[in-house]
Every structure is written in C-alpha cells, then in structure tokens.
Amino acid sequence: MTTVTVTDPATDPAGQPARQVLPAEEKYAAELAFLAAHDHGPRPPGWALTPSAVVTFVCGSDGALTLTPARRKGTGLPASLTVSRKFVGERALVERCVVTLAGERGLLLVGEPGTAKSMLSELLSAAVSGTSELTVQGTAGTTEDAFRYGWNYALLLAQGPTPQALVASPVLTAMRSGKVARIEEVTRCLPEVQDALVSILSDRRVSVPELSGTPDATVPAVPGFTVIATANLRDRGVSEMSAALKRRFNFETVEPIADAAAETALVRERAGSAVERAGAAFGVDDAVLDALVTVFRDLRSGRSAEGWDVERPGTVMSTAEAVQVASSLGLARAYLPGTSADALDLMPGHLLGAVRKDDPADHARLLGYWDGPVRRRAEDGSALWRRLWDLRENLR
Ligand SMILES: Nc1ncnc2c1ncn2[C@@H]1O[C@H](COP(=O)(O)OP(=O)(O)OP(=O)(O)O)[C@@H](O)[C@H]1O
Ligand SMILES: [Mg+2]
C-alpha cells in the first residue's frame, strides 16, 4: 500500500499553523535582536531597546551596522546587518513619537486613512516593549471592559470575585507588565468609554472594587507602561474627544508620503512582496507603477504633477490603496496570464474599483481626470498616457 503525504497549506514546514500576517516583533525578530545587542546606551525603564535604536528600527539604518566580536559571542547574531526602512516619512516625527513614549506619555497618531498610523503604532510598540499584541480595536460597540477588566463568569459564579476570575484587558495587562498598549481607532469608541482612559492615564492604576479589602483591589501600572492610540480623521472627530483625554496625549499627525519617488518605491516593494508571497514574480513595469502612483497623488491632492486642477473624489486615495491596486495588477498578471495584454490594460478597471466607493459622483470625477490630465499628457506625446487615454472605455 502506498502512503500519500498531503501537505496542508495551512501549516508551515515545522507543522505550525501558517499565518497570513506576522506581528512586527516576529517578522523583524532578527533586526530587533541585533539592535538590542548593538545599542547599549541608557534605556527608559521597561524598554527593550534604547530610544535611538527604536528610531533606527522604524526608519532604517544608514548602511550596515556592525557588532563587535565581544558582543556577538555566543549570541548567534550576524557580524553586520542593515536595518530596513519600514516607515517612509519624516524621521523627526518618529523621534518625537519615541520621546513621547520615553516620557511615558500617551501618543495619539492622527491622520487620513491609509497613512500607516497603525503600522507605526505596531512598529513602535514592538520595538519598545517586544510586543505589539496588547491591542484594543475601538468600535462603536467597545465597552469599558476592553480598557479595564471583565470576569470569567463560570469562575465568578463558582468562587465569587477572585483574582483568578478576573479577565484582564490588553490595557490592564500592559499596565501590569510595563508595556505599550495599543488602542486602534480610539475615536470610534463612545465618549463615556473613551473616558475610562482618562483615569488610567492620569492615576496610572485601575481599581477593582469587587476585590476591595484584598491586595488585588488596585492594579498599579509598572514603569514602561504607556498607550499609543490611533485616530482616523475621516471618522467621528478627534475634536469630539473630551478635553481631559486630549490633554493626556501628545498628538502627532501622520501625513501622506510627500515624495512621489519614495511613494512609488514603497508601492513597488509592498505590491512586489504581496505577489511573491503568492509564489509568483511581480510582472508590473515601473512605468505602469509610476502612472498609477501619479493618478493616486493627483486625485488625492486635487492638483496634477504639472499644476493642473483636478476634482478630488470623496474617497481618500491613500498609499495603502495604491498598494492594493498595484498588488491586484500583479496578481492578475500572475494568475490570469492569458486574459490580458498587460497590467496597463487592467489599471482603469481597478482604479475605478478604488475610487467608486462612497459617492456615485466619484465615477464622474475619475472620468473628468481622464478627460483632463490623461488626455493632455496623451496629446503631449506620451505613449503610455496615450494608451491610458484609449482605455477610457474601460471606465464605464
Ligand atoms: N508612510 C508610509 N510608510 C510605509 N508604509 C506606508 C506608508 N503609508 C502607507 N503605507 C502602506 O499602507 C499600509 C496601511 O497602513 P495602515 O493600515 O497602518 O494605515 P492607517 O493609517 O492605520 O489606516 P486607517 O486609518 O485606514 O486605519 C501599510 O501597511 C503600508 O503598506
Ligand atoms: Mg489604522
């Protein structure tokens, strides 16, 4: 009898369940271990790295960093390593974020959707605390328990309120262990729920009245504890946060990527790795990616690269969305090679999918962009824009 071994695509070669996305601390574990060994300045209490190593982790190193033989001894670390740039943007912004956290103040990252607020919060917490997983996702249904604690009802009924029956929230766990708690989309939570954070950030302790009279009646925050929250400017306003809560955070605004070439390079890299993860080669030309990013930037800013006015759609034309469209073009080339001449032919259809989301008038705005900048570039003699102009029919 022959035995057939079937490899389960849901497990990796070690038999572990595979994961679609690894948390930053696992994805970049080698860089974090290297930086911990490399940098030996003073660290704020509870920090896994020095503040300057945290900035290097997020913004990348200028060339390769080297480890002395003494520091490498017995660690299994390489002699040198170049730390990759993960966040594309102002280094000064990242430095301000790190200083805020070093002072154990709350950090609130605000900005348009898709500007890498969540990514930055994940990278910072992974570098500072070694974990990015103490996270609360704010929604209209988030209750105070998500910031404080709940109960295991079976144990509560059997034993009454005991420390064992208490279920700590990610924020309470971060307080106990001196780590960074992440609160995503804090402004989506109801104001009275947000206000639970005021006392946590000022008193730095949570009281558990059900355990009063026992040593567990108060959970104090240990050094290192702080909070990184994110808020999307398109959601219910940051302005609606209570003044008391606002005062407990340092606000940092994360802007879309300023430089076109840097944005194109990021889109190429992220879309390329998405397609390579699918086991295929990334078959989208640089010229097509340039055009795609140009369209996104023009529609986002309301002004073309040449300075012509463009009517902005209601949808945010974020870098994250540009990565999605570029990945779709790459995946279509990889999986459906026979159906289309090249990625450029597919671009209008995918763009329409990205633009036409909230407002039906956005379709007309995209057509207006075609009749304006796309046509003018075609008339100026660019072969690529000429082909895009000829594909206007695909926007119907
Ligand atoms: N400045 C940037 N540097 C690096 N990557 C970026 C940048 N801007 C956007 N991206 C890309 O966009 C993706 C999405 O970012 P992320 O989800 O963190 O955005 P966000 O600001 O939290 O959006 P939302 O407001 O919708 O939650 C990132 O994973 C990355 O691929
Ligand atoms: Mg986010």
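All values reported here derive from a predicted model rather than from experimental measurement. Remember, it's 1-based here, ligands and their atoms both numbered in the order they're listed.
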Distance-only side-chain donor-acceptor flag, E31 / S84, under 3.5 Å: yes
I'd like to know if R182 and E184 make a salt bridge, using a cut-off of under 4.0 Å between side-chain N and carboxylate O. yes
Using a strict threshold of under 4.0 Å (side-chain N to carboxylate O), is an ion pair present between E112 and R300? no
Salt bridge flag under 4.0 Å for residues K357 and E321: yes
Would you call D285-R387 a salt bridge at under 4.0 Å N-O? no
Kindly indicate whether a cation-pi arrangement holds for R376 with W308, taking the cut-offs as under 6.0 Å to the six-membered ring centre and within 45° of the axis. yes
Suppose the criterion is side chain to side chain donor-acceptor pair (under 3.5 Å): which pairs have a residue in residues 50-64, not counting sequence neighbours? D39-T50, D39-S52
Which protein N, O or S atoms sit under 2.8 Å from the Mg ion (ligand 2)? S118 OG
Using a strict cut-off of less than 4.0 Å between a Lys/Arg side-chain nitrogen and an Asp/Glu carboxylate oxygen, indicate whether D309 and R303 qualify as a salt bridge. yes
Applying ring-ring contact (aromatic ring centres under 6.0 Å, His included), can you list everything that pairs with W151, at least two apart in sequence or on another chain? Y149
I'd like the contact residues of ligand 1, where contact means a heavy atom below 4.0 Å. K86, F87, V88, P113, G114, T115, A116, K117, S118, M119, E185, N232, I257, L266, R270, T319, A320
